[in-house]
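So that the names make sense, note that chain A is the first sequence line, chain B the second, and so on, each numbered from 1.
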Amino acid sequence: AQSVTQLDSQVPVFEEAPVELRCNYSSSVSVYLFWYVQYPNQGLQLLLKYLSGSTLVKGINGFEAEFNKSQTSFHLRKPSVHISDTAEYFCAVSAPTDSWGKLQFGAGTQVVVTP
Amino acid sequence: GAVVSQHPSWVICKSGTSVKIECRSLDFQATTMFWYRQFPKQSLMLMATSNEGSKATYEQGVEKDKFLINHASLTLSTLTVTSAHPEDSSFYICSARDNRGLSEQYFGPGTRLTVT
């Protein structure tokens with residue numbers, strides 16, 4: 001079984017400042033890793049995913065994440081945030097061996113961007 | 001891109017009645033769909049995995065007789081909350097996996113259920 005820990009429940013950040021959202025996972029097998037964003041009262045939108053290959057993954061809206069197998073981490077970063085980045089961010093993991101591709105979500109990190 | 005719709009987007013019902021929520025994949029086929037429940041300021045909790053043409057697989061602690069799932073076609077799954085009670089009030093989100101073998105799930109916009 002897999003589990004995901006998002007280390008920060010809320011991250012306040014000023015506009016145009018960088019932000020890093022931390023995600024650690026636990027698994028006895030190899031994993032796929034995802035970051036999703038959720039705006040208020042909406043579903044989830046995929047920001048980026050790691051399946052294999054290069055450990056630095058670039059996603060939409062200027063986000064990127066780095067897979068670190070030794071530290072079992074998949075931290076999300078953006079060098080300069082906008083007000084519109086205010087949202088809830090979820091890290092998720094699935095096992096390639098799971099034929100259904102079930103996702104296990106972290107608790108989420110609320111990002112609040114202020115001017 | 002892959003689009004998943006949900007209907008209705010919000011619903012208010014009286015305690016004891018049943019409510020049906022639809023989840024549709026609009027531009028792809030999905031043998032597998034998922035239903036999640038999300039409480040305010042909390043993460044998504046997987047309720048069940050819905051497979052076209054077969055019975056849904058429910059997660060531990062989810063009452064299958066209360067949350068009826070039907071996946072009758074490759075583009076439609078429905079969740080019926082039977083004999084709803086105020087504690088069933090929540091945000092319900094579905095997702096769908098593209099049959100073309102892509103690894104990601106595409107999420108619907110969610111349905112806000114309020115039981116009075």
Side-chain angles (χ1 to χ4, degrees), chain A residues 1-10 21 23 25 30-53 57 59-61 65 67 86-112, chain B residues 1-10 21 23-26 30-52 54 56-60 71 90-114:
Chain A
Q2 298 80 39
S3 66
V4 180
T5 302
Q6 291 184 243
L7 297 163
D8 306 294
S9 60
Q10 188 170 49
L21 308 184
C23 172
Y25 70 92
S30 61
V31 295
Y32 293 152
L33 292 156
F34 306 82
W35 274 101
Y36 288 89
V37 60
Q38 184 181 33
Y39 299 103
N41 297 309
Q42 295 187 28
L44 275 65
Q45 180 182 11
L46 180 69
L47 286 175
L48 47 79
K49 61 184 176 184
Y50 172 79
L51 305 181
S52 65
V57 181
I60 63 171
N61 300 341
F67 170 60
T86 294
E88 188 85 19
Y89 292 80
F90 292 99
C91 181
V93 62
S94 70
T97 52
D98 182 341
S99 58
W100 287 338
K102 288 166 58 174
L103 288 170
Q104 181 70 43
F105 284 91
T109 297
Q110 176 71 42
V111 172
V112 180
Chain B
V3 179
V4 175
S5 70
Q6 279 184 244
H7 178 79
S9 56
W10 59 271
I21 303 170
C23 176
R24 293 182 186 271
S25 57
L26 298 185
T31 299
T32 302
M33 293 184 175
F34 302 89
W35 287 97
Y36 296 87
R37 184 172 181 177
Q38 185 180 33
F39 292 104
K41 299 191 182 301
Q42 293 189 28
S43 188
L44 280 74
M45 181 191 79
L46 179 65
M47 298 175 66
T49 303
S50 169
N51 286 295
E52 186 266 341
S54 63
T57 301
Y58 292 82
E59 295 299 303
Q60 192 171 10
H71 194 153
S90 190
F91 194 52
Y92 292 88
I93 303 175
C94 73
S95 69
R97 284 194 68 194
D98 193 322
N99 279 5
R100 289 171 292 179
L102 301 177
S103 57
E104 66 189 84
Q105 296 179 23
Y106 300 97
F107 285 81
T111 296
R112 173 75 59 194
L113 169 63
T114 301

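Residue L44(A) touches chain B through both its backbone and its side chain, counting heavy-atom pairs closer than 4.5 Å. When heavy atoms are compared at a cutoff of 4.5 Å, S95(B) does not approach chain A at all. Looking at Q110(A), neither its backbone nor its side chain comes within 4.5 Å of chain B, counting heavy atoms on both sides. When heavy atoms are compared at a cutoff of 4.5 Å, F90(A) approaches chain B solely by way of its side chain, counted from C-beta outward. Residue contact with chain B, scored on non-hydrogen atoms closer than 4.5 Å, involves the side chain of Y36(A) exclusively.
In terms of modelled atom types and a separation under 3.5 Å, the side chain of T109(A) and the main chain of D8(A) share a donor-acceptor contact. With hydrogens and angles ignored, the 3.5 Å screen pairs no side-chain donor or acceptor of Q2(A) with any backbone N or O of Y25(A).
Residues meeting the side-chain hydrogen bond (donor to acceptor under 3.5 Å, both in side chains) test with D98(A), sequence neighbours left out: none.
Contacts with chain B were tallied for Q45(A), E88(A), Q38(A); Q38(A) has the most, counting heavy-atom pairs under 4.5 Å. Most heavy-atom pairs under 4.5 Å with chain A: of the set T32(B), T49(B), I93(B), this distinction falls to T49(B).
In this pair, F107(B) and Y36(B) present their aromatic rings tilted. The plane angle is within the 30 to 60° band.
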Walk me through it: do C94(B) and Q6(B) pass the test side chain to side chain contact (heavy atoms under 4.5 Å, CB included)? CA-CA 8 Å; C94(B) 73; Q6(B) 279 184 244; 3.4 Å; yes
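Remark: L33(A) CG to Y50(A) OH distance equals 8.0 Å, nearest 0.5 Å.
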